Amino acid sequence: MNSLAKLLEAALFASPRPIPGEELAALDPESSPAAVQAALEELREHYDVDGHGVALVAVGDGWQILTRPEYTEAIERAQMAVRPQRLSAAALETLAIIAYRQPIERAEIAEIRGVDAGAIIKSLHERGLIDVVGRAEGLGRPLLYGTTAMFLEQFGLRHLEELPRVDELEIALHRSGLPAGHTAVEAPDVAESAAAEPAPTP
Amino acid sequence: MNSLAKLLEAALFASPRPIPGEELAALDPESSPAAVQAALEELREHYDVDGHGVALVAVGDGWQILTRPEYTEAIERAQMAVRPQRLSAAALETLAIIAYRQPIERAEIAEIRGVDAGAIIKSLHERGLIDVVGRAEGLGRPLLYGTTAMFLEQFGLRHLEELPRVDELEIALHRSGLPAGHTAVEAPDVAESAAAEPAPTP
Amino acid sequence: MTAPGLSPLEGAFVVDVDGFNGPLDLLLSLIRDEQLDVYDIPVARVCQQFVDRMHALKLNEAAEYLEMAARLIRIKAQMLLPRKEGDEGWEDPRAELVRRLLEYQQMREVVDVLERLGDDRRNRFGRTFVQQAAAPPPAPLALSLTDLLVAVDRVLRTANRPTVHEVVPRAIDVDGAIGLVRAVLALREQARWRDVVRADAEPWEVLSGLLALLELAKRSELSLTQPRPFADVEIRRELAGQAA
């Protein structure tokens, strides 16, 4: 491929949207529109003739590199088959705050955590765990977030009420055999019942 | 290109993040790991030899297609994509300490840096470059931090071992490491203070 | 110094005048500027220059810098103490400072490496376009309630304000107690009275717990057994009831 075609390929790959013809021409001020057109043709033909998994496609008045449809299914299947992803500690914290304080606005979350959670909120939203549930009164009418049905499903809950209340957390955490790290005070009755605890049924 | 290489290309083109080797292998359950490896090599070579604006790069435990650096400036000038922000020197310093000393607690980082890094740790955590990897023994059971897969991704590393080993780092401050023309011994006030001060123990 | 200013992301107050990342950084640049041997620092002179630079950079208030200045003065004083010729037990008072400087200098070199690697990576664009039709669904999530509860616990411990504590007194809270019993049984197959009602529970809590157990037993979510009179009641999760 000539160097203009390579430049176009790199730009089309990196751009989040289709690029209009005249913007592509602006990439290299030295090149004539005809040269750009020829380079686009070369790139398209290269993908088609040489046998590639992607194709150069005209969309509206612009151009875009897209994967060929015959591979879509295999890509989706592979994605489903892989090891499930875990949420980061920061994401879990944000999710926990939203679950317990909903409806809640972004500024309140930031206040509790001490850092802004904009990116995390966006990613939790994309994953369908939270959604916008309304707008707060007051200046700017900020968005209010809450958890979704998907959230309940993911954590195996039937209602939000099944989440332990905050004052019950200690017990729930203790009972789940939580590790190290958890600094629950060893209340005498807890220790006692733990000692008396029957072996789990097999 | 063979059909497996085309499938891999389509999947890699569709993904904004590196795809783990495991997931690439799951794309075609009929293909052996060796075949997948061979197809990846074919794809990489195709991009390199055939002359493309993009390249296939190994990152972390996966693979990613990235544009070649020579086109970055033109693409950025045309506002088709924006390079991510650089980390500040203080953030890089904290990240370097965590990368080399992990798992490490906040107090140790502060000791090495000579200043506290609480705010920086939080921001690195938000960016997903570090995560809590456990708790230390001892008073207060402080959190222990380590680097993430995102860290490898953002610095284009396959493993942490690709960072220089500590004994490979040159200590520029050592007398022998000082640039030629170093005249410390001859400097009058040094000679003077050297007389007033005992020589260091060998 | 390669240090650019603070990015707004760091937010908090960090002294970063003229790109200095702290007292060690300032001390190192001093040693480098004066072309001194780190293994044989003329403490008296370095101490004076350190303090001068602190004043010049208006760092007088920064605790870390003051602490370093104090440390230098202490080392200077120790160096002046007379010692016997060939004293085996003598340890150079500068040793600890030298160790820290070298350690810090190594990290600065790693910073250079990271900076270069980061720039190389920043000079390559990844795919930013996400194909809507062909976009694969996100990978399934692995979430557990325990993870979430641990996160709540963490938030409560680190929250800026303990705003999450809202204890509302209620006459009798059967629903709340049902939630608690379910939460306990979600984590364990078997439980005891003490697991669902605290030893120091208020009367209304005891009543709530009792009613919750009876209600859930009625709904076949659990079974209650008492091996002998006055023994602890055993609460057992009923799988059949849950599936129903």
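Values in this document were obtained by computation on a predicted structure and should not be read as measured data. Within every chain, numbering begins at 1; the chains are lettered A, B, ... in the order of the sequence lines, protein sequences first and strands thereafter.
- Ranked by heavy-atom pairs under 4.5 Å with chain B, the list Gly53(A), Ala119(A), Ala11(A), Ala14(A) is led by Gly53(A).
- No part of Ala26(A) comes within reach of chain B, as not one of its non-hydrogen atoms sits under 4.5 angstrom from that chain.
- Classification of Arg158(B) and Asp61(B) as a salt-bridged pair fails, no side-chain N sitting under 4.0 Å from a carboxylate O.
- At a 4.5 Å heavy-atom cutoff, Glu137(B) makes no contact with chain A through either its backbone or its side chain.
- Both the backbone and the side chain of Leu7(A) come within less than 4.5 Å of a heavy atom in chain B.
- Residue contact with chain B, scored on non-hydrogen atoms closer than 4.5 Å, involves the backbone and the side chain of Ala90(A) alike.
- Looking at Leu27(A), both its backbone and its side chain come within 4.5 Å of chain B, counting heavy atoms on both sides.
- Contacts between Asp131(B) and chain A at a heavy-atom distance below 4.5 Å involve the side chain alone, from C-beta outward.
- Residue contact with chain B, scored on non-hydrogen atoms closer than 4.5 Å, is absent for Asp28(A).
- Ion pair Arg113(B)/Glu93(B) flagged as a salt bridge, since at least one NZ, NE, NH1 or NH2 atom sits closer than 4.0 Å to an Asp/Glu carboxylate oxygen.
- In this pair, Phe13(B) and Phe13(A) present their aromatic rings perpendicular. The plane angle is above 60°, beyond the 30 to 60° band.
- Electrostatic pairing of Arg141(B) and Glu105(B) does not count as a salt bridge here, judged by no charged N lying under 4.0 Å from a carboxylate O.
- Of the listed residues Val82(B), Val54(B), Thr148(B), Thr72(B), the one with more heavy-atom pairs under 4.5 angstrom with chain A than any other is Val54(B).
- Of the listed residues Asp50(B), Leu43(B), Ile65(B), the one with more heavy-atom pairs under 4.5 angstrom with chain A than any other is Ile65(B).
- Taking the six-membered ring where tryptophan is involved, the planes of His52(A) and His46(A) are tilted, since the angle between them lies from 30° to 60°.
- Using a 4.5 Å cut-off between heavy atoms, Leu143(B) does not touch chain A at all.
- Inspection of the Glu9(A) and Tyr47(A) side chains reveals an N or O donor paired with an N or O acceptor under 3.5 Å.
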